[in-house]
Structures are given as C-alpha cells and as structure tokens.
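For reference, the structure discussed in these notes is given below.
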Amino acid sequence: MIKTAVKRLPVENGVSGWEAISERSFPVRRLDANLTADWLIIGAGFAGLSAARRLLELRPHDKIVIVEASEVGKGTSGRNSGFMIDVPHNLSSSEYSSGGLDSTRLEMQQNRCAIAFAKQAAEEYGMSRETFDPAGKINAAATARGLKLNRSFAESLRSAGEKHVFLDAAEMRDITGSDYYLGGIYTPGAVLIQPADYIRGFAKGLSRRVNIFERSPITCLERENGEWTATSPRGKVTAPKVLLGVNGHIDDFGHYRGRLMHIFAYASMTAPFPADEFGRKASGRERWALLPADAMGATVRKITSGGQSRIAIRTKYTYDTTVDLTDRRIAKMAKAHRASLEVRFPALEGIPFEHSWAGRLCLSLNHVPAFGEIEEGLYSACCENGLGTVKSTLAGMMAAELATGNTSRHLEQYMDHPEPCRLPPEPFAWLGINTVIRLQELRAGREG
Ligand SMILES: Cc1cc2nc3c(=O)[nH]c(=O)nc-3n(C[C@H](O)[C@H](O)[C@H](O)COP(=O)(O)OP(=O)(O)OC[C@H]3O[C@@H](n4cnc5c(N)ncnc54)[C@H](O)[C@@H]3O)c2cc1C
C-alpha cells in the first residue's frame with residue numbers, strides 16, 4: 001500500500017486581470033461524493049485539461065474525472081501572459097534559442113503539435129478570436145544588446161528555415177505608439193490567448209463528456225489492491241490510473257523533491273482606457289504582443305474590446321520556497337511594472353493598474369520536464385519550464401498516450417530526456433537561484 005498526504009495546496013496570490021475580465025458561463029461543481037472512474041486527472045490547467053481531451057480521443061467510452069483545488073481559470077493557467085510560442089523559448093538563459101539545429105527543430109515540431117491540438121480544441125469549443133488569436137508575436141528590443149540578441153535569435157531561425165521579419169524603430173512605433181523600442185523580430189506562428197477565457201472555454205467544452213470538480217483539493221493519494229484513491233475534504237475518487245497535472249505541486253505529492261525550482265512571475269493589468277484617438281496616440285494599434293529580446297525583460301500586451309483597451313505587463317521573477325506571498329511583495333512588483341509601463345507609454349501615466357498578481361512556474365536546472373509513470377498507474381505531466389501554455393499542453397497529451405499504452409514517435413522523442421537534476425540543498429538553492437535571477441535582470445536593464 002502507498003499513502004501520501006499532500007503537503008501543501010495551491011494559493012492564489014492576487015487576482016489576475018485576465019480572470020477578472022473573463023466571464024464564467026458554467027457552474028462550479030464540488031466533489032461531494034465517493035466516485036469511481038477509469039481515469040482521474042488531478043489539476044485543471046493546460047496539462048490536466050489537455051490530458052483529458054487526448055484521453056477522450058484515445059478512449060472515448062471511458063469515464064474521466066478531473067479534480068481541481070481551485071476554480072478553472074484562477075490558477076497559473078489562467079493568469080499568464082497568454083503567449084503560445086512555437087519557436088524556441090528557453091527562459092534559463094537570456095537567449096531563447098540556446099540549443100543546436102536538431103534540438104531547435106525538434107522543439108518547434110513539438111510546440112507546433114501542442115498548438116495544433118489547442119487550435120482544434122479552440123475551434124471545437126467555439127472560442128472567439130479574442131480568446132485564441134493566431135496573430136504571431138514580436139521580440140522587442142529596447143537596447144543595443146537587445147538588438148544583438150534579436151540578431152542572434154534571427155540567425156538561429158534562419159538556419160532552421162523559419163520565417164521571421166525584422167522591424168525597425170519606426171515600425172515598432174507604428175505598432176505600439178511608443179518610441180521606446182529600437183527594433184523587433186516578428187514570427188508568425190505564435191498564438192495569443194486570453195488565458196482565463198481559454199482555460200474556462202476548454203473546461204466548459206470538456207464538461208459535456210468529463211466530470212470536472214472544482215474547489216476540491218486532493219489532500220491524500222493512496223494505492224491499494226491496484227486502485228488509486230484520491231481524497232478531498234468532501235469526497236473521494238477511485239481509479240486504476242491517475243494523471244497528475246499539478247505542475248510544481250508534484251513535489252507536494254512526494255515526487256521529484258529537491259529537483260524542481262518554483263519561480264514566481266509577476267504581472268499587472270491597467271484599468272481600461274478609451275481605444276479612440278487617445279488610446280491610439282498613447283499606445284498604437286488595438287492589439288499587439290511583445291516578448292522582450294532578453295528573456296529576463298518585460299512581456300507587454302495590449303488588448304482592445306468594446307472600444308476599451310488595456311495593457312498587461314509582466315516583469316520580475318523570484319525563487320521562493322513558500323507558495324503564498326505577502327501583499328507587500330505584490331505591491332513592490334506592481335511598482336516595478338508601473339515604472340516599466342510609464343517609460344514605454346508616458347501618456348498612460350494617469351491610467352492606474354486595476355490588478356496585480358503572481359503565479360508559480362516550475363523549472364528544472366537541466367530544462368527537462370518531470371514526466372513519466374512515477375508509480376504503477378500514476379503518471380506525471382509536470383514541470384513546464386516556463387512555457388506551460390504549450391509545454392504543459394504537450395505534457396498532458398503525452399501523459400494520456402503513455403498511460404493508454406499508445407506508442408508513437410512523438411512520445412518516444414518526448415520521453416528521450418534525463419530526470420530533472422538535483423538542486424543544491426536549501427538555503428543554498430534559494431541564495432544561488434535568486435542571485436542568478438537578480439544578475440540576469442540587472443543585465444536585461446531597459447529590456448525589463
Ligand atoms: C505572470 C505569468 C506569465 C506567464 N506567461 C506565460 C506565457 O506567456 N506563455 C506561457 O507559455 N506560459 C506563461 N506562464 C507560465 C504558465 O502559466 C504555466 O507554465 C502554466 O500555467 C502551467 O500549466 P500547468 O497545467 O502545467 O500547471 P498549472 O497552471 O499550475 O495547473 C496546475 C493545477 O493543479 C491544481 N492543483 C495543484 N495541487 C492540487 C491538489 N492538491 N488538488 C487538486 N488540484 C491541485 C492547481 O490548482 C492548478 O490549477 C506565465 C506564468 C505567469 C505566472
């Protein structure tokens with residue numbers, strides 16, 4: 001018999017702007033009975049929901065249950081910047097593309113497989129263009145170093161035969177209304193999602209065939225006589241196979257301890273401002289999306305709906321050993337967001353932030369997922385290495401394939417990686433990782 005008490009449950013730090021402006025159109029159901037199923041999925045983010053969709057494709061008649069601690073759209077999957085990126089996006093160095101040609105090509109092929117899967121779901125579940133927009137993205141450079149990083153990124157795209165377009169300062173001004181940027185590179189394959197709408201739309205679409213229980217944290221997971229039982233405060237689910245889509249919380253389930261880095265990312269969203277002449281002058285076209293040329297810089301997105309625009313900005317990372325943050329920390333990061341916003345868009349000085357929040361990423365030192373069958377009948381689709389809109393989608397799909405015994409070349413390639421390697425013990429990990437982050441942020445300078 002195996003029995004694990006779940007050590008910690010997820011916490012939402014601040015209300016995400018994406019969730020606040022998203023409308024939920026289906027009821028919350030809590031787990032308040034004891035159920036059996038063919039499949040239990042824990043976690044309703046990109047990984048968990050994608051695993052459920054792939055399971056439905058592979059085993060259309062099986063009974064699938066998803067259990068989520070919070071509500072769909074409130075966790076990290078609903079509070080990110082919404083860039084589904086096809087091209088390399090390695091956050092652990094300041095250069096996105098740090099691998100050789102073969103690994104770059106494989107990464108793009110895998111990312112595109114996940115994006116195609118998401119696109120099919122978006123179409124089937126009737127998501128709007130505002131929720132799932134295949135508009136591409138720009139890597140924006142505000143410094144000479146940023147321009148250099150962009151050139152080196154373009155070189156790696158060129159050698160892989162990938163389309164990309166250089167934009168000069170005037171073109172960047174035309175798009176964003178800002179004089180801040182010296183140049184950019186546009187790549188067409190990224191999809192921009194409204195993350196809370198996407199996750200909610202996905203869950204709503206699935207809920208026709210899958211039971212989704214929210215506000216039902218799993219506090220204990222045990223295995224007896226070949227069956228797993230997951231316990232939540234008001235009910236239990238028993239199933240022969242369980243897929244964990246809980247990202248960094250996998251170590252609270254007793255797996256990969258001391259191997260995963262829990263990194264907080266921080267973001268703020270402005271109050272709405274008129275999209276008319278003021279909005280155009282202050283911040284350019286109605287919709288655009290910028291990644292920083294230096295991975296440690298600021299991600300900035302403008303959205304417009306019903307004649308009102310907003311800007312969402314993400315900068316700053318911290319490594320923390322706790323799951324909840326103080327309001328003071330969020331306020332401090334919001335101040336940094338304010339400075340980044342105003343230096344780019346001085347005319348928006350009077351537009352306050354309506355929401356500031358944080359969410360937890362999970363990275364491994366050797367940039368590999370925490371993936372595979374970790375106990376008999378228990379599968380992990382965790383550790384997204386920062387690009388979970390895509391990587392967790394893929395991990396969920398692959399976990400469903402592995403668990404159903406469905407062999408494919410995709411799965412073989414996906415599983416061809418070592419385990420996440422060990423981190424130094426605390427407090428050395430905390431000290432070392434935060435020092436590296438601070439130094440990289442300092443080096444990013446005006447890109448942040
Ligand atoms: C500010 C910010 C900006 C970001 N921008 C981007 C971006 O532009 N592009 C990108 O690709 N990624 C981005 N990310 C990262 C992205 O959001 C994550 O990689 C992604 O959410 C990971 O998805 P997931 O499904 O693996 O995990 P999660 O989204 O963390 O989902 C795991 C789910 O498991 C649930 N859970 C955990 N423990 C339990 C339990 N005991 N019982 C039941 N349920 C449980 C949680 O409540 C959660 O809903 C950003 C993140 C942040 C915070």
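Every value quoted in this text rests on a predicted model; they were computed, and no experiment measured them. We count ligands from 1, going down the list as the structure has it; atoms in each ligand are counted the same way.
What sits closest to atom 27 (O) of ligand 1 on the protein, heavy atoms only, is Asn247 CB, 3.3 Å. At the top of the distance list for atom 46 (C) of ligand 1, counting protein heavy atoms only, stands Glu68 OE2, 3.5 Å. Regarding atom 34 (O) of ligand 1, its nearest protein heavy-atom neighbour is Gly43 CA, 3.3 Å. Among protein heavy atoms, atom 11 (O) of ligand 1 sits closest to Thr389 OG1, 2.7 Å. Protein heavy atom nearest atom 32 (C) of ligand 1, with residue, atom name and distance: Gly245 O, 3.2 Å. Protein heavy atom at the shortest distance from atom 37 (C) of ligand 1 is Pro10 CG, 3.4 Å. Atom 4 (C) of ligand 1 has its closest protein heavy atom at Asn80 CB, 3.1 Å.
Here is the list of ligand 1 atoms found below 4.0 Å of a heavy atom in Arg79: 1 (C), 2 (C), 52 (C). Ligand 1 places these atoms under 4.0 Å from at least one heavy atom of Leu361: 14 (N), 15 (C), 50 (C), 51 (C). Counting atoms of ligand 1 from 1 in the listed order, those under 4.0 Å from a heavy atom of Ala47 are 25 (O), 26 (O). The atoms of ligand 1 that sit less than 4.0 Å from any heavy atom of Gly359 are 53 (C). Interface atoms of ligand 1 facing Pro217, defined by a heavy-atom separation under 4.0 Å, are 42 (N). Atoms of ligand 1 found under 4.0 Å from any heavy atom of Gly45 (numbered from 1 in listed order, with element): 25 (O), 31 (O). Residue His249 approaches ligand 1 through these ligand atoms, each under 4.0 Å from one of its heavy atoms: 37 (C), 38 (N).
Between Trp288 and Phe345, a ring centre-to-centre spacing shorter than 6.0 Å is recorded. The aromatic ring centres of Tyr317 and Phe264 sit 6.0 Å or more apart.
Screening Arg360, Arg329, His262 for a side chain to side chain donor-acceptor pair (under 3.5 Å) involving Asp320 leaves a single residue, Arg329. With Ile42 as the partner, the side chain to side chain contact (heavy atoms under 4.5 Å, CB included) test is satisfied by one option alone out of Val242, Val6, Val65: Val242.
Here Glu19 pairs with Arg200 in a salt bridge; the nearest charged N to carboxylate O distance falls below 4.0 Å. Comment: Glu68 does not engage Arg215 in a salt bridge, judged by the lack of any side-chain N to carboxylate O separation of less than 4.0 angstrom. Ion pair Arg338/Glu342 flagged as a salt bridge, since at least one NZ, NE, NH1 or NH2 atom sits closer than 4.0 Å to an Asp/Glu carboxylate oxygen. A salt bridge does not link Arg310 to Glu286: none of the charged side-chain nitrogens sits closer than 4.0 Å to a carboxylate oxygen. Between Arg8 and Asp252 there is a salt bridge, since a side-chain N of the basic residue sits under 4.0 Å from a carboxylate O of the acidic one. Salt-bridge annotation for Arg53 and Glu124: present, with a side-chain N of the basic residue lying under 4.0 Å from a carboxylate O of the acidic one. Electrostatic pairing of Glu71 and Arg30 does not count as a salt bridge here, judged by no charged N lying under 4.0 Å from a carboxylate O. Under 4.0 Å is where a charged nitrogen must lie from a carboxylate oxygen, and between Asp86 and Arg112 at least one such pair does. Taking a cutoff of 4.0 Å between a charged side-chain nitrogen and a carboxylate oxygen, Glu214 and Arg24 qualify as a salt bridge. Using a 4.0 Å cut-off between charged nitrogen and carboxylate oxygen, Lys7 and Asp251 do not count as a salt-bridge pair.
Where the criterion is an N or O separation shorter than 3.5 Å, residue side chain and backbone included, Ser216 fails it with respect to ligand 1. For ligand 1, the polar-atom distance check finds no N/O of Ala358 at less than 3.5 Å from any of the ligand's N/O atoms. Between Arg8 and ligand 1, a contact under 3.5 Å exists for no N or O pair. The shortest N or O to N or O distance between Glu384 and ligand 1 is below 3.5 Å. Residue Trp357 places no N or O, backbone or side chain, under 3.5 Å from any N or O of ligand 1. Here's the thing with Ser81: one of its N/O atoms is less than 3.5 angstrom from an N/O atom of ligand 1. At least one N or O atom of Gly388, backbone or side chain, sits closer than 3.5 Å to an N or O atom of ligand 1. Residue Phe83 places at least one N or O, backbone or side chain, under 3.5 Å from an N or O of ligand 1. Between Ala69 and ligand 1, a contact under 3.5 Å exists for at least one N or O pair. Looking at ligand 1, you'll find an N or O of Ser77 within less than 3.5 Å of one of its N or O atoms.
Identified under the ring-ring contact (aromatic ring centres under 6.0 Å, His included) test for residues 188-208, with sequence neighbours left out: Phe46-Tyr198, Tyr125-Phe202, Tyr198-Phe202.
For Asp62, the salt bridge (charged side-chain N to carboxylate O under 4.0 Å, His left out) criterion is met by Arg59, not counting sequence neighbours.
Contact analysis puts Gly386 in contact with ligand 1, with a non-hydrogen atom separation below 4.0 angstrom. In this structure, Phe264 does not count as a contact residue of ligand 1, since none of its heavy atoms falls inside 4.0 Å of the ligand.
Residue Leu9 touches ligand 1 through its side chain alone, judged by heavy-atom distances below 4.0 Å. Under 4.0 angstrom from ligand 1, the non-hydrogen atoms of Ile42 all belong to its side chain.
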